Structure formats: C-alpha cells, structure tokens
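One structure is given here, and the rest of the page talks about it.
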Protein chains: 2
Amino acid sequence: MAAKYLSIRDQILDLIAEMDVGEALPPERTLAPQFGVARMTLRRGIEEVVREGRLKRKHGAGTFVAGPKIAQGLAVTSFSEDMRQRGATPSSRTLDAGELSAGPKLAKRLEISTGEPVMRVVRLRLADDAPMAVETLHVPGRVAPDLDGSALDDASFYELLHEDYGIVLAGGVQTIEATVTDEPESEILEVPLHSPAFLFERVSRARDGQVVEFVRSVYRGDRYQFRVELQPARGPRDPS
Amino acid sequence: MAAKYLSIRDQILDLIAEMDVGEALPPERTLAPQFGVARMTLRRGIEEVVREGRLKRKHGAGTFVAGPKIAQGLAVTSFSEDMRQRGATPSSRTLDAGELSAGPKLAKRLEISTGEPVMRVVRLRLADDAPMAVETLHVPGRVAPDLDGSALDDASFYELLHEDYGIVLAGGVQTIEATVTDEPESEILEVPLHSPAFLFERVSRARDGQVVEFVRSVYRGDRYQFRVELQPARGPRDPS
DNA sequence: CCTCCCAAATGGACTAGACCAATGTCCGTC
DNA sequence: GACGGACATTGGTCTAGTCCATTTGGGAGG
C-alpha cells in the first residue's frame, strides 16, 4: 500500500485546486478526522505540499493557498515538464540520430568501455514553436539497442525508456554553466554568434546504478532564466 | 527554547564530523534514548541532516555518512557561505560606495518612491584571492541610513543588517540568467571582453515584507558552475 | 470611539508505542 | 559449496494524545 501521507498530499492538492489564492485551508484538527488519519499524518501530507510551494503555513493563523508557483529552480529533469511549468508549449524536432562508438571521454561519462556502441540523438527543443535549446542525447547501446530519432519527435524519452525498456530513472547529477553559442548552435537556435547561453550536462542513472544517459543541452540565454524563491536560509549550521 | 530536533540535528552533525564517509550511524533505536528524545524526534533531526546531504538513509540497512556534499544548487543567499561550501576561501574588496537617489527602475525594485535615497555599494568578490564576481548592492536609505563600504570589506552584509539595524531577512526572489561580460566587468574580473557569465538578481525582504536589498551580481562563467543532484523526481503529481 | 489585553483558534513540537517494509545474515538443505 | 528461506535488524509510517508558540479578533476599560 502506498504511504498514507502521500495519499493525503494528493487529496490536499485536489482540495486546493478548487480554492483561490490566499484562501485558508480548514484547520488541521478538522481535516485530520475528515481524511481519517491522525493529525501527525495529515501534517506530513501538508508538509509535502508546502515543500512543493503550493501552500504556505502561518503559525497561529492558518494554512493558505500560495500564489502561482515560482519555479523551484534546478529540479529540471524533463524539458517538456519544465516548459509546461513555465507556461509554454513544448515541442521537439530531431536534427540527427545514429549510432557511433564511444570515444574516451564519452565512455567515461557513460561508464562503459571505449569503442562500445552508443546511440546519439540531436534534438531541437522548442517552446511555443520558437527555438529554445539544442539537446544532444547519448545512450549506451545496450540500454536502448534500437533507439532512433523518429520515436522521439513527440514522446518523452523518459516515458519511452520506461515503457519500451522497463528502465526507471533513479536520479542523476546535473551541472549548469554559462557559455556562449558557437556557430552551428547559433544557426540552429536562430541567435547571433557568441550569444549568452546556458550549458546543461546531465548524467542519469537507473535504479541499479547503471548510467542511462548523458545529455548536453545548450539553452538560449535570452529566453531561459531561473527564478528561485529563497528561504529564510537555515544554513548548514546557523539556526540562530 | 530552541526546537529539540534542531539541537538533535546539531549533535548529529557533530557526530558525523568525526566519522568516515560510508560509515553507519548507530541505529535510531539506540541513538534516541542516548539523546534523551523519542525516536520520532530523533528522526526529525536526522531528516534535516539528510536533506542537507550529509547523511544517506537505506531502508533496512542503516544511515550512512554521505560523500562530499554536492552543492544543492540555488539556495545561494550569501556569497561567503556559498564559497565555503565549494571549498574556497571568500574575500571581498569594496570598489565603490555612496548614496544616490532612486531612478524609476530601481525605485520599483526596492518598492520605494522615485527620488528616495538609496545606498549603493559595489564589491569585488574573490574566491581564494581570485576574482569571482562583481556585486552591486542597493539598499533603501531608510533601511540602513549610514551604510558605507568600509564596514563591508570583511563583514557579511547580512550580519551587519542583523546586528546594527535589527533586521532579519525572511526570504527573497532570485533570478539567474546567462550573459556576457561588458567592458568594465571584464576588466574587474580579469577576463576577456564578452566572456560567458552568470547574472544574478536578488530582491530580499525583511519579516515585515519590506524590501531590504536589491543585488545584482555578475559571476565569472569559467569559474562558477552549478551542480545539482537530481532526485527521482516525484513531480507535482506523479507518485507512481 | 479608541486602546489594550486576553482568550480562543491555529499551527508547531514532542512522546511512547505499534506495526510495516527492506535488508542482510546465518543456517539448513540439497 | 551453492542455494534458499527464516529471522533479526534497521529504517518507514502511523496513531492518539499532550503541551507550547503565535496570531487574531473581540471585549473590557478608558
């Protein structure tokens, strides 16, 4: 059985979906028996929603529906999801796809041997039909043997991984750097040469620890920005 | 009295400090009575540490000291703190300081009237004595009437705010964009003209909602990067 | 009519205990 | 020796209740 507090979280989400911003949630002591759980469990569920930024607690006053969600920064795992959260319609165009054999650097990233086959797909990512990013995806051959670009035009790569290959992503590491576009990138993204851009590099792993993908994305700096809501900053050692 | 779980968190941190990476923490059922709290409270404390990335739990096995912390991205509230986390020694040099009257844009950001006095301090931020960022700080005159650059050479602005003016920061909003350095920035940061850079803009508020500062920072793209550990992505609505 | 204070309502913290779920070990079996 | 299952250990969740801290609104008193 799924954890109760997760179910509570979903019910809370349903509840606030029909409420206005600023409106107060019923008191915890009222909600808990309504949902048939202890107050502690209810609180655990609410906490999840608060952490997602959709509710705001105020000690002594109540729990209130938060304003439109400010993107929580870097939990960018999926272009499509990211764009939808930003209120844009994502789409995709495959520019190139094929198999190659891993060079030393690529082999290291994917944690395979040099020379092993690797599937490579280059995609242009669009938001509201305007170029947003160029994404180069590398997948070890043994992970997705017959991957080709056509399947990726619409579908999410992650869904495809799950449905066709039974692979569930467990996590990864992403780095973000500032860069400028080179010539081919400028052309594809329709920006001047040496325009500001973000460079994302991500390595994702499956549950067994195996590297599933290495993605390198170049985002247009003029269209993409991060927006982070800063907390009162209870730092690593400063509860004062 | 401070919350018990926060005290637990600190004790756990002390405990971990003397342990090796990968070593297991004593079981919760042992630690709880040792610290004189209920297991639930102990867990709450441990959870804090886990969220900071210094411990890793493994259901059925134990709780283990995590490897060197991977920076959790964008919770950047303080340059000094950020640099220390990255293993560098922060320092600072004030380049310019003075009072000016708010133009329309600045007034809007600070939520004051056009023409009101604003204190402005430009600082070069260094990591291990090498230029890392240029930071321009704007503070409404009525918040810190007699602010001058000299006080900021060593001290943290936030500490100063707290100690001299009794202001406690409650949060803020930060945006991050990709940009390139202009001429003065290039010179100060000692990089070629039009080098890749990050542009941070932050607006911070006190507990009463009043805007306390507007900061604009330009970070060297060749020295600064984000590194984010991605979670299994329990998205807004996908607990599956 | 205004001010100040207090009490009710609300979220926050904590407890002691129960049971569930994942993990790893150890031992018997083959 | 290799396999497999029972079991002890560990973290994960949940409960029902108590007490604390903060906020807010309304009533007493000026």
Side-chain angles (χ1 to χ4, degrees), chain A residues 1-12 15-16 19 22-51 53-66 168 170 207-209 231-232 234 239-240, chain B residues 1-12 15-16 19 22-66 168 170-171 206-209 231-232 234 239:
Chain A
M1 187 196 80
K4 250 184 213 176
Y5 75 90
L6 288 178
S7 148
I8 294 294
R9 163 180 160 275
D10 286 351
Q11 295 181 55
I12 298 279
L15 222 175
I16 66 181
M19 295 175 61
E23 204 173 337
L25 216 62
E28 300 178 350
R29 288 168 177 81
T30 307
L31 278 182
Q34 273 180 26
F35 287 142
V37 297
R39 193 178 148 219
M40 264 270 155
T41 307
L42 177 86
R43 282 180 59 78
R44 177 80 190 270
I46 291 183
E47 225 159 272
E48 294 286 317
V49 184
V50 169
R51 202 160 328 158
R54 322 252 308 218
L55 278 179
K56 210 162 184 175
R57 283 174 149 156
K58 242 182 135 178
H59 190 171
T63 304
F64 305 88
V65 178
V168 179
R207 296 191 62 162
D208 58 6
Q231 301 303 325
R234 195 167 67 217
S240 62
Chain B
M1 187 197 78
K4 248 184 214 175
Y5 75 92
L6 288 177
S7 147
I8 294 294
R9 161 180 160 275
D10 285 351
Q11 294 181 55
I12 298 279
L15 223 175
I16 288 176
M19 295 175 61
E23 205 174 335
L25 214 64
E28 299 178 352
R29 287 167 179 83
T30 306
L31 278 182
Q34 273 180 27
F35 286 142
V37 297
R39 195 181 146 216
M40 267 269 147
T41 307
L42 177 86
R43 281 180 60 76
R44 178 79 190 271
I46 291 183
E47 224 158 272
E48 294 286 317
V49 184
V50 169
R51 202 161 326 158
E52 287 170 22
R54 322 250 308 216
L55 279 178
K56 211 160 184 179
R57 284 174 149 157
K58 240 182 137 178
H59 191 172
T63 304
F64 305 90
V65 178
V168 179
R207 296 191 61 164
D208 59 7
Q231 301 304 322
R234 193 166 70 214

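This is a predicted model, so every value here is computed, not measured.
Take the nearest nucleotide of DNA chain C for A:K58 and for B:G36: the residue whose nucleotide is more 5' is A:K58. Heavy-atom distances to DNA chain D give each of A:T41 and A:A61 a nearest nucleotide, and the one nearer the 5′ end belongs to A:T41. Between A:V37 and A:G60, the residue whose closest nucleotide on DNA chain D is further toward the 5' end is A:V37.
For B:L42 and C:dG17, the CG to P distance is 16 Å, given to the nearest whole Å. Rounded to a whole Å, the CZ atom of A:R39 is 11 Å from the C1' atom of D:dT18. Put simply, NZ on B:K56 is 13 Å from P on D:dG12, counting in whole angstrom units. Rounded to whole Å, atom P of D:dG12 lies 13 Å from atom CD of A:E48. Atom CZ of A:F64 is separated from atom P of C:dA9 by 16 Å (rounded to the nearest Å). As a whole-Å value, the separation of A:R9 CZ from D:dT13 P is 13 Å. Across the protein-nucleic acid pair, A:F35 atom CZ and D:dC14 atom C1' stand 17 Å apart, rounded to whole Å. Rounded to whole Å, the distance from CD on A:E47 to P on D:dC14 is 13 Å.
Among B:V65, B:I12, B:V49, the one residue that satisfies the side-chain contact (heavy atoms from CB on, under 4.5 Å) test with B:R54 is B:V49.
At a threshold of 4.0 angstrom between heavy atoms, the contacts of A:R44 are confined to the sugar-phosphate backbone, with no base atom among them.
Side-chain proximity of B:M40 to the nucleotides C:dG24, C:dA13, C:dA16 is greatest for C:dA16. Side-chain proximity of A:A3 to D:dT13, C:dG12, D:dG12: nearest is D:dT13. If you check C:dT23, C:dG12, D:dA16 against the side chain of A:A38, the one that comes closest is D:dA16. The listed nucleotides are C:dC19, C:dG12, D:dT15; the one nearest the side chain of B:R29 is C:dC19.
Between A:K4 and D:dT15 there is a side-chain N or O to OP1 or OP2 distance below 4.0 Å. Remark: B:T63 is in phosphate contact with D:dG11, judged by side-chain N or O atoms under 4.0 Å from OP1 or OP2. Of the side-chain N and O atoms in A:R57, one or more sit less than 4.0 angstrom from OP1 or OP2 of C:dG12. For B:R43 and D:dG11, the shortest distance from a side-chain N or O to OP1 or OP2 is not below 4.0 Å. Dashed line: the shortest gap from a side-chain N or O of A:Y5 to OP1 or OP2 of D:dC14 is not under 4.0 Å.
Looking only at side-chain heavy atoms (C-beta outward), B:R57 and B:V50 come within less than 4.5 Å of each other.
Lacking a ring centre under 5.5 Å from that of the base six-membered ring together with a plane angle below 30°, A:H59 does not count as stacked on C:dG12.
Atom CZ of A:R44 is separated from atom CD1 of A:I8 by 12.0 Å, given to the nearest 0.5 angstrom. Here B:L15 contributes atom CG and B:D10 contributes atom CG; the two are 12.0 Å apart, rounded to the nearest 0.5 Å.
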request  = Would you check, one step at a time, whether the test salt bridge (Lys or Arg N to Asp or Glu O under 4.0 Å) holds for A:R9 with A:E47?
outcome  = CA-CA 8 Å; A:R9 163 180 160 275; A:E47 225 159 272; over 6 Å; no

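For B:R39, the side chain to side chain contact (heavy atoms under 4.5 Å, CB included) criterion is met by B:E28, B:R29, B:A32, B:R43, not counting sequence neighbours.
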